[in-house]
Amino acid sequence: MHDFHYVKGKMYCEKVPVEDVEKAMGTPFYLYSYNTLRNHFTVFDAAFSEMPHIVCFAAKANSNIAILKIFVNEGGGMDIVSGGELYRALQAGVDPQKIVYSGVGKRVDEIAYALDSNILMFNLESFEELQVINECARRMKKVARIALRVNPDVNPETHPHISTGLKENKFGINIEKSLEAYRQAKTLEHIDIKGVSCHIGSQVTKISPFVDALNRLKRLIALLREAGITIKYLDLGGGLGITYNRETPPSPSDYAKAIIEASKGLNCTFIFEPGRVIVGNAGILVTKVLYNKTNEDKNFIVVDAGMNDLIRPSLYKAYHGIQPVEKVRREKIVADVVGPICESGDYLAKGRKISRLERGDLMAVMSAGAYGFTMASNYNSRPRAPEILVKEEQFYVIRQRERYDDLIKGEDIPAFLKRLS
Ligand SMILES: *Cc1c(COP(=O)(O)O)cnc(C)c1O
């Protein structure tokens with residue numbers, strides 16, 4: 001479900017014609033629907049209403065503070081993976097007691113910042129990290145609440161780059177070894193064991209890998225409790241997929257039913273870390289056609305958004321729907337939609353059958369709300385696109401387009417170079 005639709009051939013986001021945003025903002029830009037974002041969050045949250053849980057939105061999917069604030073207002077927590085994301089979460093007013101900190105490479109300054117902020121817990125990923133966090137907490141005269149992120153070794157059957165729960169992945173601690181890690185953690189004075197966590201991968205379109213992971217975690221929790229270790233939280237991570245093209249992922253309510261069923265009698269507070277499923281289909285990237293060209297009977301549509309704006313096609317061969325902002329009756333062609341970046345890998349769609357578009361036409365790249373802007377860069381010295389939030393008939397600039405002087409912010413020419421000129 002989303003709020004991008006056509007009225008008399010023109011694309012709207014909620015009640016705003018997309019072309020009106022272009023008139024005010026130029027292209028390219030990210031456009032998000034407030035109604036869709038809020039709906040997705042509340043539907044996910046409500047699906048688990050019968051069991052104690054916290055929905056910790058995975059900030060890395062879309063970390064604009066206005067977007068985070070939408071979820072905060074609905075009682076959401078946050079899953080963060082860096083000091084920068086902690087800063088954003090706090091700026092958005094997230095209750096620190098609903099923040100979980102994941103990630104394989106936490107630095108000491110980031111750990112200290114999180115301890116200072118009194119977050120709910122760290123999801124630890126290695127024996128060494130356990131020692132480092134204990135040491136850091138000792139220096140700060142604090143106790144760090146932790147869960148161990150275990151690697152349940154289930155195959156999420158998704159793209160290899162976004163699968164994280166197999167034993168060959170860098171993430172988590174092997175589930176067999178985790179018992180020993182817990183025993184170690186229990187002896188550490190500045191560590192307070194709170195839970196078990198996992199995250200099996202992203203864009204998962206089946207329920208069974210989640211249930212498999214949960215069952216493995218349940219067996220672990222039973223062993224831990226036998227060993228006198230209290231486990232209050234079970235963090236099942238994120239990863240629920242969305243429809244980009246023809247995928248048929250389970251709905252949040254089907255997902256929730258399966259989890260609720262499989263967790264009977266467990267007596268834990270669940271933590272979920274959804275990212276993509278909340279924001280993915282709530283946003284689009286709008287770009288303008290610059291040129292049409294053919295090389296060796298291959299059609300190219302050159303647009304003004306590139307891999308620096310949306311890297312998913314280049315990085316994961318990801319599919320994004322391409323829709324005209326204004327539907328016009330023209331013949332269909334098969335074309336590659338490519339950006340202006342000087343890389344052959346710079347494309348938004350390949351071999352796509354679409355209506356011919358002409359210079360100046362607007363194009364919407366669909367399902368761009370997750371891992372879109374957050375992965376944007378300044379490659380080729382392109383200012384990053386603005387982000388716009390629509391609510392009913394109004395739109396709000398929640399991030400300005402970068403300007404050229406933003407591009408060189410913090411750069412400096414040392415005096416010895418200046419002397420030469
Ligand atoms: C990326 C990530 C998520 C969110 O994944 P989605 O597929 O966007 O739901 C949740 N938890 C952790 C630990 C992650 O790394």
Side-chain angles (χ1 to χ4, degrees), residues 37 40-41 43-45 47 53-63 67-68 71 76-82 84-86 89 98-106 114 119-126 129 146-152 154 156-166 169-173 195-207 209-210 213-214 217 233-244 247 249-252 255-256 259 270-283 312 315-316 318 367-375:
L37 290 163
H40 284 177
F41 185 89
V43 164
F44 192 97
D45 193 35
H53 71 279
I54 311 172
V55 178
C56 293
F57 172 69
K60 75 178 190 288
N62 190 321
S63 58
I67 307 281
L68 302 185
F71 310 137
M78 215 67 63
D79 168 47
I80 58 160
V81 293
S82 70
E85 283 190 357
L86 175 54
K98 292 182 179 173
I99 295 179
V100 294
Y101 188 173
S102 308
V104 286
K106 303 177 189 81
I119 65 164
L120 177 62
M121 66 182 192
F122 294 87
N123 287 337
L124 302 196
E125 307 219 11
S126 64
E129 187 188 348
I146 63 121
L148 293 186
R149 173 166 172 182
V150 302
N151 187 328
V154 299
E157 294 172 50
T158 181
H159 190 283
H161 288 180
I162 48 179
S163 114
T164 54
L166 282 168
N169 295 132
K170 73 173 174 181
F171 297 99
I173 297 175
V196 175
S197 78
C198 74
H199 170 67
I200 58 172
S202 202
Q203 185 54 13
V204 181
T205 53
K206 287 184 182 168
I207 294 182
F210 293 108
L214 174 57
L217 260 53
Y233 296 102
L234 191 163
D235 181 342
L236 205 55
L240 194 58
I242 63 169
T243 303
Y244 283 101
E247 306 90 331
S251 68
Y255 168 73
I259 302 300
F270 270 71
I271 293 174
F272 299 100
E273 304 170 345
R276 190 187 310 273
V277 71
I278 308 291
V279 293
N281 278 322
R312 299 190 66 259
L315 190 60
Y316 311 125
S367 315
Y371 308 102
F373 186 88
T374 52
M375 288 180 129

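Reckoned from all heavy atoms, side chains included, excluding hydrogens, waters and symmetry mates. Just follow the structure's listing: the first ligand is 1, and inside any ligand the first atom is 1. This is a predicted model, so every value here is computed, not measured.
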Margin query: Can you classify the ring geometry of Tyr255 versus Phe210 as parallel (below 30°), tilted (30 to 60°) or perpendicular (above 60°)?
Written below: perpendicular
Give the atoms of ligand 1, by number and element, whose distance to some non-hydrogen atom of [X] is under 4.0 Å.
| X | result |
| --- | --- |
| Ala58 | 3 (C), 4 (C), 10 (C) |
| Glu273 | 3 (C), 4 (C), 9 (O), 10 (C), 11 (N), 12 (C), 13 (C) |
| Tyr371 | 1 (C), 4 (C), 5 (O), 6 (P), 8 (O) |
| Gly275 | 6 (P), 8 (O), 9 (O) |
| Asp79 | 10 (C), 11 (N), 12 (C), 13 (C) |
| Arg276 | 6 (P), 8 (O), 9 (O) |

Item checked: side-chain contact (heavy atoms from CB on, under 4.5 Å), paired with Phe41, selected from Val279, Val277, Ile278 -> Ile278
Any N or O on [X] sitting closer than 3.5 Å to an N or O of ligand 1?
| X | value |
| --- | --- |
| Val81 | no |
| Val277 | no |
| Arg149 | no |
| Ser102 | no |

Check whether any side-chain N or O of [X] sits under 3.5 Å from a backbone N or O of [Y] as a donor-acceptor pair, and report yes or no.
| X | Y | value |
| --- | --- | --- |
| Glu125 | Gly103 | yes |
| Thr374 | Lys60 | yes |
| Arg149 | His199 | yes |

Check: How close does the nearest protein non-hydrogen atom get to atom 1 (C) of ligand 1, and which residue and atom is it?
Finding: Lys60 NZ, 1.3 Å
Next item on the list: Please determine if Lys106 forms a cation-pi arrangement with Phe122, meaning its NZ or CZ atom is less than 6.0 Å from the six-membered ring centre and no more than 45° off the ring axis.
Entry: no
Notebook entry, point to check: Which option, Ser202, Gly237, Pro274, owns the non-hydrogen atom nearest atom 6 (P) of ligand 1?
Noted result: Ser202
Notebook entry, point to check: Hey, what do you get for NZ (Lys206) to CG (Leu240), rounding to the nearest 0.5 Å?
Noted result: 14.0 Å
Margin query: Let me confirm one number: the CD1-OG distance from Ile80 to Ser63, rounded to the nearest 0.5 Å.
Written below: 12.0 Å
Margin query: Is Gly239 close enough to touch ligand 1? Criterion: a residue heavy atom under 4.0 Å from a ligand atom.
Written below: yes
Checklist line | Any side-chain donor near an acceptor of the partner, Asp45 and His53, under 3.5 Å | finding: yes
